[in-house]
Amino acid sequence: MNANNNDLDKNTRKWMSESGLEKPDSDFTHRVMEQVEAKKKRSPLKSNGNIWHILLAVLVPLAYFGYSYNAGGGVAGGFSLQTELQPYIRLFHLVVEKLAIDMSAPLVPLAIAAIVALLAFDRLILRSLSYNR
Amino acid sequence: MNRTKDEYYIQRVLQGDHSSYAMLVERHKDMVYTLAFRMLKNREEAEEVAQDAFLKAYSSLKKFRRDSRFSTWLYRIVYNLCVSRLRKSKKQIHSLDEPDRQPELQDTSYRMDSLEEADRQKFIRQALTNLAYDEQTVLTLYYQDDLPVAEIAEITQMTSSNVKVKLHRARKRLHAQLGDILKQEINSLL
């Protein structure tokens, strides 16, 4: 029984080595590498180092302005952020108030609905074009 | 040696030299394609899966823990992709029962030896096509890539003893298939 199994194993090894490996198309590697390149362009590698740089670039100025605002300015040579920002804050309040008044006009919701409908129509056309391609 | 070479190219890719990935593709494309082709039994689908496997491996290269060989990890990706394709297409994915009758091994072996090399290759490939995908996989990995049973178990997510049973059945079935094919050939000549 064992001798038979050994012969079976020996023959199978011989037959399998004779069967050889299947070969893909000659440009297989080229095609894979093209897709690798495309993938690289679509999603550039985000290393952990990059993420830290982005976080630092956002957090450091925020921390500086936060500190400066709470301290009432004086961090950079007499510069007072609270005083500097006052006109902008006032302007922001004015714009918001004006927007609230304008939004109460009956034509505004209609205009918004028209814009949304146009955008939806635009999407629909784009989708049908991509299906037809 | 192979493992060292793979690790060298993986390191280069991770350092930003993406062209080194072409070397990894070149080194493994035949085995990856053979595995996919033998499982799916279709050239176009096999090429597609082989490409997908290499792309998936490229995207996840950072996650490759290196506690196993790159080839083992890559074959596992191929195997999983093929299995999910087979499940979707509802093709036969399980082994058949053991063959009822077994031709005499010495007869088959003698008849095979008397054939031309090209014919032998043709008949073996034909016999392999008639095997279930898991049988072809274990035979290919064990005899053509010389992988140990433990690594085949890792790729196919079977237990080692299950792989051994599959190997034994696959050998017997290959032998039975070859016997049938040779018999048909002789009958067609008479």
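Just so it is clear, the structure is predicted and the values come from calculations on it, not from any experiment. Proteins come first, then strands; the chains are lettered A, B, ... in the order of their sequence lines, and each starts at number 1.
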Passes side-chain contact (heavy atoms from CB on, under 4.5 Å), B:Tyr21 versus A:Met33? Steps please. CA-CA 8 Å; B:Tyr21 195 65; A:Met33 289 314 288; 4.1 Å; yes
Indicate if B:Val165 and B:Leu131 have the same hydrophobic cluster label, given that clusters are the connected sets of ILVMFWY residues with side-chain heavy-atom separations under 4.5 angstrom. no
Least distance between heavy atoms, B:Arg38 atom then A:Gly20 atom: NH2-O, 3.1 Å
Just list the side-chain donor-acceptor pairs under 3.5 Å for residues 49-57 of chain B, sequence neighbours left out, or say none.
{"unit_1": "B:Gln51", "atom_1": "OE1", "unit_2": "A:Gln35", "atom_2": "NE2", "d": "2.5"}

Flag yes if B:Phe37 and B:Val138 sit in one hydrophobic cluster, no otherwise; membership is Ile, Leu, Val, Met, Phe, Trp, Tyr, and two members link when side-chain heavy atoms are under 4.5 Å apart. no
Compute whether any side-chain donor of one residue and acceptor of the other, for A:Thr29 and B:Glu26, lie under 3.5 angstrom apart. yes
Of all the residues in residues 143-157 of chain B, which have a heavy atom that comes within less than 4.5 Å of a heavy atom in chain A? B:Tyr143, B:Gln144, B:Asp146
Among A:Arg13, A:Met16, A:Glu22, residue most engaged with chain B (heavy-atom pairs, under 4.5 Å): A:Glu22
Return the set of residues passing side-chain contact (heavy atoms from CB on, under 4.5 Å) with A:Lys14 (not counting sequence neighbours), or none when no residue passes. A:Glu18, B:Asp113
Please look at B:Ser19 and chain A and tell me whether the side chain, the backbone, both or neither of the residue comes under 4.5 angstrom of a heavy atom of that chain. backbone
Look only at the side chain of B:Arg125 and the backbone of A:Ser19, and say whether a donor-acceptor pair between them is shorter than 3.5 Å. yes
Rounded to the nearest 0.5 Å, how far does NE2 of B:His175 lie from CH2 of A:Trp15? 5.0 Å
Could you see if B:Tyr133 belongs to whatever hydrophobic cluster contains B:Tyr33? Use Ile, Leu, Val, Met, Phe, Trp, Tyr and a side-chain cutoff under 4.5 Å. no
More than 12 heavy atoms of other residues, nucleotides or ligands under 6.0 Å from CZ of A:Phe92: yes or no? no
Could you tell me which residues satisfy salt bridge (Lys or Arg N to Asp or Glu O under 4.0 Å) with A:Asp25, sequence neighbours excluded, listed by chain and number? A:Arg31
Quick one: what part of B:Leu35 sits under 4.5 Å from any heavy atom of chain A, side chain, backbone, both or neither? neither
Rounded to the nearest 0.5 Å, what separates atom CZ in B:Arg171 from atom CG in A:Asn11? 11.5 Å
